Amino acid sequence: MVYLRLLILGLTLGFALLAQAATSPLVMATNIQEVRVTSGFTGENVLVYGAISGPGQVIVVLRSPDSTEAMQKKTRSGPIWLNGAKVTVTGAPGIWQRLSSAPVRELLPEMVLQQQGLTRSSLLSHTHFAPQPESLHLWQQAFLKQKTRHQQYRVVPTGVKIREGLFTASIQLPAALPLGHYQLTTYLVRQQQIVAVDKEQIDVRQVGFQAWIARFAEQHAWLYGVVLTFILAALGFGLGIIMRRRSA
């Protein structure tokens, strides 16, 4: 019964998209407009679907708000690894994913890819490293490798499936992701040119007890600090009593 309902919903949405595509070369939608992050959040699957009129290839890009991250270099002193220089990285998205129906360098010139922010290296154009290190290029490359290794920057060259004017793509959001407004952008490409763009917004917000704590801390910072101090003091006092009883 559940699969039948999904099939009926998919057919209904497909006909609606095809009707809209009659006046627009590209129409895009998602199965979810809001992601609610709770204490048990393990990730989310976002389905992107739409329709195109005529031939073409599709590129889908999801970009989260910018985040602030710390990086630290490891230096080796004999057999021991020590913490070295440390920098703070700002101006780069916390999450960035690009899915396409074919490798993007076969679809668009390199200059267009850089201008549209469709490559991982183009994300560094507005990124700041403070304090600015001497070997900035090496730090930038290390930052991209780190984000790619943690699946925060993902590239799926065949992640968009096109069939009979309809396209689908599945975006996997990790369990740890920044909150805020995510920009979902879809590009229709023909003959190495972007002929249409469609955008959607996905809101990622925290809900439940953790969200209440975060709002309370933001609206009543001084009271939050006082309450937290008393709670920690009470916990420390309680643990001290327990340890003394065990030792006795």
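This one's a predicted model, so the numbers in the text were calculated from it and none came from an experiment.
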Legend entry - Pairs meeting criterion side-chain hydrogen bond (donor to acceptor under 3.5 Å, both in side chains) with involvement of residues 121-137, two or more places apart: Q114-S121, T119-S121, T119-S122
Linking I/L/V/M/F/W/Y whenever any side-chain heavy atoms sit under 4.5 Å apart, do [X] and [Y] land together?
X    : Y    : value
I202 : V156 : yes
V189 : V48  : no
L184 : I162 : yes
L113 : V197 : yes

If you take all heavy atoms of [X] and [Y], which pair is closest and at what distance?
X    : Y    : value
D198 : M28  : OD2-N, 2.9 Å
L188 : P25  : CD2-O, 3.5 Å
A51  : L166 : CB-CD2, 3.7 Å
F129 : P133 : CB-CD, 3.8 Å
Y49  : N31  : CE2-N, 3.8 Å
Q183 : E200 : NE2-O, 3.5 Å

Legend entry - Heavy-atom donor-acceptor pair, R205 side chain to E34 backbone, under 3.5 Å: no
Legend entry - Stepwise side-chain contact (heavy atoms from CB on, under 4.5 Å) test for V58 and V160: CA-CA 7 Å; V58 175; V160 179; 3.9 Å; yes
Inset, instruction - Please step through side-chain contact (heavy atoms from CB on, under 4.5 Å) for the pair V27 and F167, ending with a clear verdict. - result: CA-CA 10 Å; V27 178; F167 68 87; over 6 Å; no
Inset, instruction - Name all residues meeting the side-chain hydrogen bond (donor to acceptor under 3.5 Å, both in side chains) criterion together with Q116; count only those two or more places apart in sequence or in a different chain, and write none if there are none. - result: none
Legend entry - side-chain hydrogen bond (donor to acceptor under 3.5 Å, both in side chains), paired with Q97, selected from Q172, R154, Q152: R154
Distance check, rounded to the nearest 0.5 Å: [X] atom [atom1] versus [Y] atom [atom2]?
X    : Y    : atom1 : atom2 : value
K145 : R120 : NZ    : CZ    : 11.5 Å
L99  : T186 : CG    : OG1   : 10.0 Å
Y153 : T148 : OH    : OG1   : 8.5 Å
K161 : R163 : NZ    : CZ    : 12.5 Å
E69  : F143 : CD    : CZ    : 5.0 Å
F41  : L173 : CZ    : CG    : 6.5 Å

Inset, instruction - Going by the side chain to side chain contact (heavy atoms under 4.5 Å, CB included) test, name the single residue among V89, L136, L144 that passes it with L124. - result: L144
Inset, instruction - List the steps, then state whether side-chain contact (heavy atoms from CB on, under 4.5 Å) holds for Y187 with L118. - result: CA-CA 10 Å; Y187 303 84; L118 294 176; 3.6 Å; yes
Legend entry - Q146 CD: over 12 foreign heavy atoms closer than 6.0 Å: yes
Less than 3.5 Å apart, which donor and acceptor atoms pair up between the side chains of residues 59-66 and the rest of the protein, not counting sequence neighbours?
| from | atom 1 | to | atom 2 | distance (Å) |
| --- | --- | --- | --- | --- |
| R63 | NH2 | D66 | OD1 | 3.3 |
| S64 | OG | G94 | N | 3.0 |
| S64 | OG | I95 | N | 2.8 |
| S64 | OG | I95 | O | 3.4 |

